[in-house]
Amino acid sequence: MAFSSTAAASTAAAFVSGHRRRSGAGQYRPNNLLSSSSFLSAFPRAVAARVGAAPSPRVGAVTVRAQAAGKKSVLIVNTNGGGHAVIGFYLAKDLLAAGHAVTVLTVGDEGSDKMKKPPFSRFSELTSAGATTVWGDPADVGAAVGGAASFDVVLDNNGKDLDAVKPVVDWAKAAGVAQFLFVSSAGIYTPSDEPPHVEGCMSIAGGLTPAMSARRRRRRAMQDAVKESAGHVGVEKYIAEQFGSWASFRPQYMIGSGNNKDCEEWFFDRIVRGRPVPIPGSGMQVTNISHVRDLASMLALAVESPGAAAGRIFNCVSDRAVTFNGLVKMCAAAAGAEPEILHYDPAAVGVDAKKAFPFRNMHFYAEPRAAKEVLGWRSSTNLPEDLKERFAEYASSGRGQKEMSFDLDDKIIAAA
């Protein structure tokens, strides 16, 4: 979605004129630009969207093809909340475009308030392309999808521990499903002094054995340690015991249309209001932010190349890192503004960085080495460009003009 240069220039001027003002020591009064006519003229799509004249941004049309010989029937068990739901949405689109049959089982009730939010509010894009969408309890997945349904591939994009995923694994095993995929998390790695995190490239069942070749032993030994107490780890181990054809994917932070968990929006909320963006520490901490289309394309390759993916763990991430400072600058550039970054020490200020900042306050970076080597996958994430699209959608949503509380920010600003 293009963001006009005229609008960008107009917005930049508005942001500069609305730079923060202080009135007395420790007092901060931002200039609320978004309630002004200058903002509305800068973002005509925002006005149009609020009166229903402009359509919501879309991932892109799905070209439907008849399911050909060799194509598969795929069941996606999709979470009903958090950031991962959009992965299943994009994956379903990719698989449908490739001619596969797709059923999306979403946890919960179709009539719940959660289903009014994206990506669920956009499921008509899937059904119009031939997908089946159902709702229910993964603990009784057979009843949810219908007793006569059969699948070649099952992806669990919902459970975070064995209690949640085991019923799906056991049902899939009994139903003769050939391949089982699991969306895990890169958060299970233990902190490393030598980033990026390196994933395992073989079955995780068992350790180093004398029968392994020297090369395989080296690869196994190079895997970064994970938190054995993490629920995702128990799931990965159980799936490896039950299926020969399985794979686990460990995503980090993601952006993309349809995501309902704040990432870039947290930065835009401050930038458009002329507020400083409070960053804990130096801002040079490195992390990984991927466009969800990259994550979905990796999963789709595993569906189409089950032999290559079998028994492997994949860091489901882009191949570029970004610093916190860099992310602020990119978000501001997408908005046509000059950023103001405020670094602070959480301990000195007396705030919990987990509550005051949307990311881990540390280096948290993994690389997609296995996906590149094994699946031939390539990343398409381009943060500067992707953020321009995301800001255009942000502006059209009207979120930038809503009343928001910045209590923790104000506490940080007062102490800085």
Side-chain angles (χ1 to χ4, degrees), residues 1-3 8 45 56-60 78-79 81-94 117-122 125 157 183 185-187 196 249-272 277 279 283 285-300 315-337 339 357-360 364-368 371 377-400:
M1 181 182 305
F3 179 56
R45 282 185 56 83
S56 299
R58 290 294 180 257
V59 175
N78 215 34
T79 180
H84 282 195
V86 73
I87 300 176
F89 177 66
Y90 273 69
L91 173 62
K93 279 181 168 283
D94 280 1
K117 301 178 181 179
F120 316 109
S121 60
R122 293 169 52 180
E125 297 174 39
N157 185 38
V183 178
S185 170
F249 298 81
R250 297 173 178 173
Q252 287 189 239
Y253 304 121
M254 69 195 78
I255 65 170
S257 180
N259 194 3
N260 63 24
K261 187 173 183 179
D262 282 1
C263 178
E264 64 276 16
E265 294 89 348
W266 186 91
F267 298 88
F268 291 151
D269 285 340
R270 287 148 180 82
I271 290 167
V272 300
V277 182
I279 301 296
Q285 302 93 315
V286 172
T287 194
N288 189 302
I289 300 174
S290 311
H291 196 290
V292 67
R293 66 172 175 264
D294 270 0
L295 315 187
S297 68
M298 189 184 297
L299 286 158
N315 285 335
C316 199
V317 296
S318 70
D319 57 2
R320 293 292 298 273
V322 64
T323 64
F324 294 163
N325 288 342
L327 183 58
V328 177
K329 294 174 184 177
M330 291 179 189
C331 286
F357 190 64
F359 301 137
R360 290 170 173 83
F364 181 43
Y365 174 44
E367 278 187 349
W377 175 87
R378 292 294 179 267
S379 173
S380 67
T381 296
N382 183 329
L383 272 181
E385 293 302 314
D386 293 335
L387 287 168
K388 290 177 183 177
E389 180 182 59
R390 296 298 296 130
F391 183 72
E393 188 170 353
Y394 174 92
S396 69
S397 73
R399 173 168 168 162

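Computed from a prediction, not measured in an experiment: that's the story for all the values here.
Listed here is the closest heavy atom pair of Leu91 and Ala300: CD1-N, 3.7 Å. For the residue pair Thr287 and Tyr365, the shortest heavy atom distance occurs at O-CD1, 4.3 Å. Closest approach of Ser257 and Arg122 over heavy atoms only: OG-NH1, 2.9 Å. Looking at every heavy atom in both residues, Arg250 comes nearest to Val317 through O-CG1, 4.0 Å. Shortest non-hydrogen contact noted between Tyr90 and Gly256 is OH-C, 4.1 Å. The shortest non-hydrogen separation linking Asp386 to Arg293 is OD1-NH2, 2.9 Å.
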- Message: Is there a side chain to side chain contact (heavy atoms under 4.5 Å, CB included) between Phe267 and Met330? Walk through the geometry before answering.
- Response: CA-CA 10 Å; Phe267 298 88; Met330 291 179 189; over 6 Å; no
- Item | side chain to side chain contact (heavy atoms under 4.5 Å, CB included) evaluation trace for Met254 with Lys261 | CA-CA 9 Å; Met254 69 195 78; Lys261 187 173 183 179; over 6 Å; no
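Ring to ring, Tyr253 and Phe359 are close: their centroids are under 6.0 angstrom apart.
Considering only heavy atoms from C-beta on, Ile271 comes within 4.5 Å of Val277 through its side chain. Between Asp262 and Pro358, the closest side-chain pair of non-hydrogen atoms is not below 4.5 Å. Using a 4.5 Å heavy-atom cutoff, the side chains of Ile255 and Leu383 are in contact. Considering only heavy atoms from C-beta on, Pro118 stays 4.5 Å or farther from Asn259 through its side chain. When side chains are defined from C-beta on, Pro251 counts as touching His84, because their heavy atoms get closer than 4.5 Å. Side-chain contact between Asp294 and Asp319 is absent, with no heavy-atom pair separated by less than 4.5 Å. The closest side-chain heavy-atom distance from Phe89 to Val292 is not below 4.5 Å.
In this structure, CZ on Phe120 lies 6.0 Å from CG on Asn78, to the nearest 0.5 angstrom. Between the NE2 atom of His291 and the OG atom of Ser380 there is a distance of 7.5 Å, given to the nearest 0.5 Å. For the atom pair CD1 of Ile87 and CG of Leu299, the computed distance is 7.0 Å after rounding to the nearest 0.5 Å. If you take CG on Asn315 and CD on Glu367, they are separated by 8.5 Å, rounding to the nearest 0.5 Å. Taken to the nearest 0.5 Å, the CZ atom of Arg390 stands 7.5 Å off from the CZ atom of Phe268. Taking CD from Glu264 and CD from Glu389, the interatomic distance works out to 10.0 Å, rounded to the nearest 0.5 Å.
With hydrogens and angles ignored, the 3.5 Å screen pairs no side-chain donor or acceptor of Asn157 with any backbone N or O of Val183. At least one donor-acceptor pair under 3.5 Å links the side chain of Glu265 to the backbone N or O of Cys263. Of the possible donor and acceptor atoms, one in the side chain of Ser290 sits under 3.5 Å from a partner among the backbone N and O of Ser318. Remark: the backbone N or O of Ala366 is paired with a side-chain donor or acceptor of Gln252 at under 3.5 angstrom.
Using modelled atom types, one finds no donor on one side chain facing an acceptor on the other under 3.5 Å when comparing Asp94 with Ser297.
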